[in-house]
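Report on one structure; see the data block that follows.
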Amino acid sequence: MFVLKRVLSAVPQSTSLCVSHFSACYCLKTSRKSSPYSSVDSERYSSLVKSVMSSRVSSQTPETLQAEDEHIYGPVVKAQTPTKQEKREPKTLHPFLNYEETVETEEPESSGPPARISLNRDQGRSFVPSVTRILQQTLSSEQIFYLERWKRRMVAELGEEGFKQHSQNLFRQGKLLHSALEDILTSGVAWKDTSSSETPEYPADVQGYLQSISHILEDVSAVRAIESTVQHGTLNYLGIVDCVARYRGVLCVIDWKTSEKPKPFLSNTYDNPVQVAAYAGALNSDGNYKYQVENGLIVVAYKDGSPAHAHQLSSELMLEYWKTWLLRLEEFTENRAGTSSTLPEKR
């Protein structure tokens with residue numbers, strides 16, 4: 001008790017007075033902040049809130065929203081659902097095979113030299129259109145567009161005269177390749193059995209192409225026709241097949257093609273499958289050939305010597321392309337009939 005009194009007596013008396021004085025002064029001098037809502041008419045504000053909360057606004061529906069959008073932006077034009085195009089069928093499905101002839105399934109014992117029937121326009125063939133002509137005159141609008149675009153690009157790059165020279169060079173190289181293949185395939189010696197010393201020197205323009213298709217030639221045997229004319233008497237068209245031979249044991253109509261760009265897929269060959277099917281159909285109906293061909297082969301060779309692409313056409317594919325050919329032939333015949341009917345009558 002004595003200690004507590006001593007402590008209390010040691011505390012200066014002015015301290016409590018000063019604190020109480022400071023607190024009192026602060027309370028007296030500090031002004032109270034006014035509320036921003038103090039000037040608001042509370043009764044008017046309260047009535048406004050009540051009116052807004054109590055009023056009913058009709059809710060929007062999809063129909064009203066669409067009507068509002070059409071009023072502001074105009075009616076909505078809905079895209080039509082694309083209709084699936086029906087697959088066209090030829091009016092008359094002419095047979096692809098001549099069932100009176102036997103389809104060969106095995107190697108013949110003695111086939112003789114390859115057939116090479118020359119095209120002679122003087123033997124009643126002057127008015128028979130070729131497969132190439134029919135396909136060129138029945139190109140689709142899309143094919144014509146891309147062909148013209150390619151031609152414009154080449155002319156812009158090479159000029160008119162340069163493009164003409166380029167086209168002539170490609171045609172000349174193609175003829176040289178076909179001539180070299182004639183020599184190779186009619187020699188009677190399989191390509192895989194020949195050595196470099198036995199191979200004659202061919203023009204430099206075709207050396208790369210021959211190197212490109214060398215691995216294809218190793219699988220070609222039993223050549224039956226080379227650069228030989230075929231004609232379909234019933235459908236009235238003709239063509240010249242590059243080669244008819246066995247490729248890996250399967251008898252095929254073979255078409256040799258050259259290209260500056262790689263064509264690894266069958267779709268890259270455009271109308272070539274239709275052309276092969278047309279040749280095979282004509283051969284099968286031509287009495288000069290005593291066998292039937294159900295399969296095809298398109299070989300695309302490259303000048304730089306890179307391995308050629310070989311696109312095989314099975315009998316099922318050949319039938320599909322045969323139907324496409326019949327449609328193109330019908331279109332050509334109808335166009336020619338329409339053109340002839342508009343010509344003035346000769347008196």
Distance-minimising heavy-atom pair for [X] and [Y]:
X      : Y      : value
Ala115 : Ser228 : O-CB, 3.7 Å
Trp322 : Pro95  : CZ2-O, 3.7 Å
Cys252 : Tyr247 : SG-CB, 4.4 Å
Leu177 : Tyr209 : CD1-CB, 3.8 Å
Leu97  : Val293 : CD2-O, 4.0 Å
Val220 : Ala245 : CG1-CB, 3.8 Å

Ile298 and Leu266: side-chain contact (heavy atoms from CB on, under 4.5 Å), yes or no, with the steps?
CA-CA 9 Å; Ile298 300 172; Leu266 184 62; 4.2 Å; yes
Same cluster or not: [X] versus [Y], using hydrophobic residues (I, L, V, M, F, W, Y) connected whenever any side-chain heavy atoms lie under 4.5 Å apart?
X      : Y      : value
Met318 : Tyr291 : yes
Ile117 : Val253 : yes
Val131 : Leu319 : yes
Leu313 : Tyr270 : no
Leu235 : Leu327 : no

With no hydrogens and no angle check, is any side-chain donor or acceptor of [X] less than 3.5 Å from a backbone partner on [Y]?
X      : Y      : value
His311 : Lys263 : yes
Glu227 : Ile240 : no
Asn284 : Gln292 : no
Ser140 : Gln143 : yes
Glu320 : Leu317 : no
Ser187 : Ile184 : yes
Thr324 : Val274 : no

Classify the angle between the aromatic ring planes of Tyr237 and His232 as parallel (below 30°), tilted (30 to 60°) or perpendicular (above 60°).
parallel
Which residues pass the side chain to side chain contact (heavy atoms under 4.5 Å, CB included) test with [X], sequence neighbours left out?
X      : answer
Pro203 : Leu176, Val206
Arg133 : Pro129, Ser130, Gln137, Phe332
Ser212 : Ala301, Tyr302, Ala308
Ser141 : none

Which value, rounded to the nearest 0.5 Å, describes the distance between [X] atom [atom1] and [Y] atom [atom2]?
X      : Y      : atom1 : atom2 : value
His178 : Asp183 : NE2   : CG    : 13.0 Å
Gln231 : Asn236 : CD    : CG    : 7.0 Å
Cys243 : Leu181 : SG    : CG    : 8.5 Å
Thr333 : Ile134 : OG1   : CD1   : 7.0 Å
Asn335 : Thr138 : CG    : OG1   : 8.0 Å

[X] side chain near [Y] side chain, heavy-atom distance below 4.5 Å:
X      : Y      : value
Leu217 : Leu185 : yes
Arg116 : Glu182 : yes
Leu326 : Leu93  : yes

Apart from [X] itself, what residues make up its hydrophobic cluster, given side-chain heavy atom links below 4.5 Å?
X      : value
Leu170 : none
Leu158 : Leu139, Ile144, Leu147, Trp150, Met154, Val155, Phe163
Phe145 : Tyr146
Phe171 : none

Can you run down the side chain to side chain donor-acceptor pair (under 3.5 Å) pairs that involve residues 248-260, sequence neighbours left out, and say none if there aren't any?
His166-Glu260, Asp219-Arg248, Asp255-Lys257, Lys257-Gln275
Return each pair, listed once, that meets salt bridge (charged side-chain N to carboxylate O under 4.0 Å, His left out) where at least one residue sits in [range]; pairs must be two or more places apart or across chains.
range            : value
residues 269-281 : Asp271-Arg328
residues 159-177 : Arg172-Asp205
residues 299-317 : none

For the pair Lys91 and Glu334, find out whether any cationic side-chain nitrogen is under 4.0 Å from an anionic carboxylate oxygen.
yes
Arg224 to Tyr289 six-membered ring, cation-pi geometry met (6.0 Å, 45°)
no
For Glu142, is the CD atom crowded, meaning more than 12 foreign heavy atoms sit under 6.0 Å from it?
no
Derivation and outcome, side-chain contact (heavy atoms from CB on, under 4.5 Å), residues Leu297 and Val276
CA-CA 8 Å; Leu297 180 70; Val276 171; over 6 Å; no
I would like to know whether Trp325 and Leu329 meet side-chain contact (heavy atoms from CB on, under 4.5 Å); could you show each step before the answer?
CA-CA 6 Å; Trp325 164 250; Leu329 185 59; 4.2 Å; yes
Passes side-chain contact (heavy atoms from CB on, under 4.5 Å), Ser285 versus Thr234? Steps please.
CA-CA 8 Å; Ser285 71; Thr234 305; over 6 Å; no
